[in-house]
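Shown next, in structure tokens, is the structure this report addresses.
Chain naming here is simple, since letters A, B, ... match the order of the sequence lines and numbering starts at 1 in each. What you see is a predicted model, and the numbers here were worked out from it, not measured in a lab.
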There are 2 protein chains.
Amino acid sequence: MADPDWGLYRSFLAVMAQGSLSAAARELGLTQPTIGRHMDELQHHLNVVLFTRSSGGLQPTDAALNLLPHAETLKAAADMLSRAASGLGDDVRGTVRITASDVIGVEVLPPILTSLRNDHPDIEIELALSNRMEDLLRRDADIAIRMVPPSQDALVAKHIGAIDLGMYAHHDYLAQNGAPEDFEDLADHALIGVDRDARDLRLLHSLPWPLAKHRFSFRSDQHLSHLAMIRAGYGIGMCQVGVALREPALQRVLPEFSLALDSWVTMHEDLRNNLRCRTVFDALVRGMKTYWRTQKPDPQLA
Amino acid sequence: MADPDWGLYRSFLAVMAQGSLSAAARELGLTQPTIGRHMDELQHHLNVVLFTRSSGGLQPTDAALNLLPHAETLKAAADMLSRAASGLGDDVRGTVRITASDVIGVEVLPPILTSLRNDHPDIEIELALSNRMEDLLRRDADIAIRMVPPSQDALVAKHIGAIDLGMYAHHDYLAQNGAPEDFEDLADHALIGVDRDARDLRLLHSLPWPLAKHRFSFRSDQHLSHLAMIRAGYGIGMCQVGVALREPALQRVLPEFSLALDSWVTMHEDLRNNLRCRTVFDALVRGMKTYWRTQKPDPQLA
DNA sequence: TAGTATCCATACAAAAATGTATGGACGTAT
DNA sequence: ATACGTCCATACATTTTTGTATGGATACTA
């Protein structure tokens with residue numbers, strides 16, 4: 001029972017993504033009969049039915065749906081391999097893929113990456129923003145910026161410092177609704193918070209001043225939308241101090257309710273020898289440390 | 001610049017493992033010219049030289065060595081996929097791959113797996129023993145038993161309890177050398193300890209009674225060899241209480257120097273729907289919890 | 001209801017990958 | 001030194017894979 005040709009899974013992924021043999025063939029630059037034969041071969045090999053022919057396209061079976069995440073892992077590994085291979089020449093050129101939380105990616109990274117580009121114009125950057133940690137393990141990215149301790153031996157990690165979070169609201173909102181004086185006052189305010197992200201909910205419950213989820217009148221798992229809502233004057237929410245400090249219209253409330261999350265820049269150790277990834281890694285560490293300093297009132301600056 | 005056919009990496013791995021085109025061809029059931037063409041194609045595609053022809057075989061270049069771990073990741077993903085696929089029929093049959101520390105694998109798992117086999121004779125077990133955590137992330141295994149908190153969202157984890165470790169020596173050794181009365185006395189004894197494993201060294205340094213590495217007169221990263229040396233009466237070393245309790249000849253010394261490591265049985269969430277893995281997972285959790293109870297003097301047993 | 005645009009299946013032709021056979025190079029053993 | 005084994009490269013034959021062309025089925029639209 002030898003493994004099926006790995007290429008069959010590539011076709012399988014395309015069919016799952018596109019919903020039809022023809023579309024998958026277009027995606028891969030092959031033809032519809034070829035993809036059809038690939039699926040036949042795969043089903044025969046695995047001894048399962050992967051698709052049922054239904055009106056309006058192919059319907060994946062349960063088997064296909066169960067297989068999908070594994071096939072995606074395979075693809076992630078292959079993509080990683082390609083990126084690694086493209087960095088083998090001792091050239092500092094090619095693509096580096098970074099993953100980070102949405103707020104970091106939108107509010108913090110742009111200037112860092114811009115300055116990186118000035119020094120190394122041959123490096124291309126891919127940025128994947130998500131709050132899911134999964135990415136680096138699956139090797140969906142070369143480098144990750146995360147507020148979670150890197151517990152894996154196989155990762156090269158650099159500690160940035162603790163990123164401070166605080167409660168903020170827009171000046172207009174506070175002018176209209178007043179500022180809460182203590183924790184109890186929050187009951188009268190529009191709170192912006194987490195929706196269903198497991199990690200965030202866990203963090204929330206671990207706080208000394210736990211807020212139940214139903215206390216939030218706006219819920220989202222995208223922290224970037226929290227920020228946008230705060231800016232729009234919807235209510236009170238959590239925001240990175242370093243980001244809020246740049247916007248005079250945002251005012252801190254209840255400063256005693258703060259939170260500091262340790263942050264790391266992380267890379268897989270297999271990439272340590274890769275000059276290109278190494279360069280980006282170092283630039284991110286430098287840039288993030290600079291950002292970290294901005295959130296403190298900094299005495300040694302002129 | 002499309003990706004090379006994933007199958008080329010399979011040939012690459014075989015060449016790296018075997019050291020020659022011909023041997024790789026034999027491993028894969030292909031022929032030497034085919035493998036040769038694969039390598040040509042891969043080198044051309046990646047625009048790197050992977051091998052230099054030297055007397056007595058092929059010499060991998062630095063590029064090939066850098067690529068190797070990534071290619072191995074690809075293979076791990078493919079193997080995982082095969083195992084997942086073989087469990088798609090709602091049959092409880094096929095292979096489940098488990099990884100665990102060497103001591104757990106040799107001292108604790110055998111009876112658990114034996115009883116599992118009585119209930120489910122159609123399940124085949126692969127057991128990979130290593131102290132490296134990497135395996136599950138790379139999907140080298142379906143299920144892992146580890147003494148490290150599973151920090152990844154994508155993992156389904158069941159907490160077993162804290163596994164107690166203590167200092168032990170063989171009765172014969174103590175009869176000959178006496179038992180140490182306090183921490184200072186250890187200087188006069190043959191100590192068995194860790195060699196260079198990063199995680200173990202870190203753990204060692206974090207203890208309230210740190211031992212420098214040079215204090216050990218026997219060093220190994222295989223905990224199983226610690227156990228074997230203790231049994232042979234070489235000296236004093238750390239051992240799981242649950243294992244030592246079964247052997248009257250092993251005696252605890254300095255009982256105040258103990259250590260408890262939380263343990264988990266862990267599985268990737270993608271496998272949750274896989275009846276076969278689920279069955280093994282549940283059996284391991286049950287078995288490990290039973291083991292955990294043996295290390296405590298258990299009052300509620302007859 | 002006929003026209004159009006998808007889709008997939010099939011038959012046949014072209015292209016690509018693989019295998020077979022052989023020769024030369026190198027190292028080792030007798 | 002010569003015989004043997006193993007290695008890789010090359011030329012040629014075969015098999016396998018892919019593409020092209022076409023037909024039937026289904027859905028949407030005018």
> Within this structure, what is the CG-to-P distance between B:L42 and C:dA17, rounded to whole angstrom?
Replying inline: 14 Å
>> Can a side-chain donor-acceptor contact be found between A:H38 and A:D5 if the only test is distance below 3.5 angstrom?
In response: no
>> Do A:L271 and A:M80 make a side-chain contact, defined as non-hydrogen atoms from C-beta onward lying under 4.5 Å apart?
In response: yes
>> Does any part of the side chain of A:I123, heavy atoms only, come nearer than 4.5 Å to the side chain of A:T279, both counted from C-beta?
In response: yes
> To the nearest angstrom, how far is A:Q59 atom CD from D:dT26 atom P?
Replying inline: 17 Å
>> Parallel, tilted or perpendicular: which one describes the rings of B:F12 and B:F51, with boundaries at 30° and 60°?
In response: tilted
> Counting side-chain heavy atoms from CB outward, which of C:dC8, D:dG19, D:dC7 is closest to A:T34?
Replying inline: D:dG19
>> Can you tell me if A:S22 touches the phosphate of C:dC8, counting only side-chain N or O atoms and a distance under 4.0 Å to OP1 or OP2?
In response: yes
>> My understanding is that only residues two or more places apart in sequence, or in another chain, count here; which of them pass side-chain contact (heavy atoms from CB on, under 4.5 Å) with A:E41?
In response: A:L8
> How close or far is atom P of C:dA17 from atom NE2 of B:H45, stated in whole angstroms?
Replying inline: 12 Å
> Between atom CG in A:D40 and atom P in D:dT16, what is the gap in whole Å?
Replying inline: 17 Å
> How many Å lie between CG on B:L58 and C1' on C:dC26, as a whole number?
Replying inline: 14 Å
> Within less than 4.0 Å of OP1 or OP2 of C:dC7, is there a side-chain N or O belonging to A:R26?
Replying inline: yes
>> Could you tell me how far apart B:R37 (CZ) and C:dG19 (C1') are, to the nearest whole angstrom?
In response: 8 Å
>> Rounded to whole Å, how long is the line connecting atom CD of B:E41 with atom C1' of C:dT18?
In response: 13 Å
> A:Q32 side chain: which of C:dC8, D:dC8, C:dG19 is closest?
Replying inline: C:dC8
> On DNA chain C, nearest-nucleotide positions of A:P33 versus B:T31: which is more 5'?
Replying inline: A:P33
> Relative to the 5' end of DNA chain C, which residue comes earlier, B:H38 or A:L21, by the nucleotide with the nearest heavy atom?
Replying inline: A:L21
> For the pair made of CZ in A:F51 and C1' in C:dC7, what is the distance, rounded to whole Å?
Replying inline: 15 Å
